[in-house]
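Let me begin by presenting the structure, written as structure tokens, before commenting on it.
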Amino acid sequence: MTSITYDSIQIGDELPALQLAPVNRTTLALFAGASGDHNPIHIDTDFARKAGMPDVFAQGMLGMAWLGRLLTQWAPQSQLRRFDVRFQGITHLGHAVRCTGRVVEKLEHNGERCVRVEVLSANQYGQARIAGEALVALR
């Protein structure tokens, strides 16, 4: 993580992208164990198919965690003031997710100099999976 400052950041600056390996069953099982989210639609193929899905798929919060990793590789977690997302599509097995972010505003918030960052995760086909924004305090 490089040391960034409010004065060194410009509107339009992009965060270093985070490219992830294709989603597999092991990743889903490990996240289920770590998060306590054992919803069978994410880990049981038969259950997912009975629910009308072609197979299991990634937990939404796993996708949000990846966007959180994008942000905290750019700035320390202690500087994150807000992080909001909208789930826009399902991340299926085999999707290779790429997380990106871009500074869209510089502002003062509660006496701190901050930047607003738009974040996006998309699969290898360019389809948005999760979009959102974060407020990050910078020195």
Side-chain angles (χ1 to χ4, degrees):
M1 180 180 339
T2 60
S3 178
I4 54 174
T5 64
Y6 183 85
D7 292 332
S8 70
I9 295 298
Q10 301 299 318
I11 293 173
D13 285 355
E14 294 185 7
L15 282 61
L18 174 64
Q19 179 65 54
L20 297 151
V23 174
N24 60 40
R25 294 173 197 286
T26 301
T27 301
L28 302 184
L30 289 171
F31 186 78
S35 67
D37 180 356
H38 297 284
N39 184 329
I41 204 158
H42 300 299
I43 52 179
D44 182 334
T45 300
D46 292 334
F47 186 92
R49 288 184 178 150
K50 286 179 185 171
M53 299 303 296
D55 206 337
V56 296
F57 54 93
Q59 299 91 335
M61 294 308 293
L62 174 57
M64 188 174 182
W66 289 330
L67 285 171
R69 186 190 317 170
L70 169 79
L71 290 164
T72 59
Q73 286 180 345
W74 183 67
Q77 180 179 346
S78 61
Q79 293 174 219
L80 188 61
R81 298 297 179 259
R82 194 184 78 235
F83 180 27
D84 304 297
V85 300
R86 295 170 306 284
F87 299 98
Q88 298 184 326
I90 293 174
T91 301
H92 293 281
L93 291 175
H95 280 188
V97 173
R98 180 176 177 83
C99 298
T100 57
R102 185 172 61 88
V103 176
V104 295
E105 183 180 10
K106 293 175 79 171
L107 65 147
E108 185 169 312
H109 178 74
N110 291 337
E112 293 183 297
R113 296 191 315 172
C114 297
V115 293
R116 187 169 57 88
V117 179
E118 287 183 348
V119 294
L120 177 72
S121 73
N123 63 21
Q124 69 269 35
Y125 308 111
Q127 299 165 325
R129 304 292 90 187
I130 302 175
E133 67 179 39
L135 188 66
V136 180
L138 297 177
R139 297 179 195 0

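Starting from 1, each residue takes its place in the sequence as its number.
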Residue pair V103 / W74, side-chain heavy-atom distance below 4.5 Å: yes
Which pair of heavy atoms, one from L70 and one from G101, lies closest together, and at what distance? CD2-N, 3.8 Å
Can you tell me how far the SG atom of C114 sits from the NZ atom of K106, to the nearest 0.5 Å? 11.5 Å
Salt bridge flag under 4.0 Å for residues K50 and D44: no
I need the full list of salt bridge (Lys or Arg N to Asp or Glu O under 4.0 Å) pairs touching residues 61-73, with sequence neighbours left out, sorted by first then second residue. none
Atom CZ of R98 and atom CG of N123: how far apart are they, to the nearest 0.5 Å? 12.5 Å
Hey, could you give me the CD1/CD distance between I41 and Q59, rounded to the nearest 0.5 Å? 11.0 Å
If we check side-chain contact (heavy atoms from CB on, under 4.5 Å) with S121, which of these qualifies: L20, I130, T100? I130
What I'd like to find out is whether the side chain of V56 reaches to under 4.5 Å of the side chain of R25, using heavy atoms alone. yes
May I ask whether V97 and F57 are part of the same hydrophobic cluster, defined by side-chain heavy atoms of I, L, V, M, F, W, Y residues being less than 4.5 angstrom apart, directly or through others? no
Using distance only, find each side-chain donor-acceptor pair of residues 83-95 under 3.5 Å and give its atom names and separation, not counting sequence neighbours.
| residue | atom | partner | partner atom | Å |
| --- | --- | --- | --- | --- |
| D84 | OD2 | R82 | NE | 2.6 |
| H95 | ND1 | H92 | N | 3.3 |

Could you work out, with side-chain hydrogen bond (donor to acceptor under 3.5 Å, both in side chains) as the rule, every residue matching E105, not counting sequence neighbours? R116
Let me have the donor-acceptor pairs involving side chains of residues 6-17, under 3.5 Å, with sequence neighbours excluded, atom names and distances please.
| residue | atom | partner | partner atom | Å |
| --- | --- | --- | --- | --- |
| D7 | OD1 | R113 | NH1 | 3.4 |
| S8 | OG | T5 | N | 3.1 |
| S8 | OG | T5 | O | 2.9 |
| S8 | OG | T5 | OG1 | 3.1 |
| D13 | OD2 | Q10 | N | 2.8 |

Start with the C-alpha gap between S3 and R139, add the side-chain angles, then the distance that decides, and say whether side chain to side chain donor-acceptor pair (under 3.5 Å) holds. CA-CA 10 Å; S3 178; R139 297 179 195 0; over 6 Å; no
Euclidean distance, R81 CZ relative to E112 CD, rounded to 0.5 Å: 4.0 Å
With R102, which residues qualify under salt bridge (Lys or Arg N to Asp or Glu O under 4.0 Å), at least two apart? E118
Minimum heavy-atom distance between R49 and P54, given as atom pair plus value: NE-O, 3.0 Å
Any chain of hydrophobic side-chain contacts (each under 4.5 Å) joining M61 to V23? yes
Does one hydrophobic cluster hold both L120 and L18, with members joined at side-chain heavy-atom distances below 4.5 Å? no
Apart from L107 itself, its cluster of hydrophobic side chains linked below 4.5 Å comprises L135
Shortest non-hydrogen contact between L28 and A58, atoms and distance: CD2-CA, 3.4 Å
CA sep, side-chain torsions, deciding dist, call: T27, L62, side chain to side chain contact (heavy atoms under 4.5 Å, CB included): CA-CA 9 Å; T27 301; L62 174 57; 4.0 Å; yes
Considering all heavy atoms, the nearest I4-A75 contact: CD1-CB, 4.1 Å
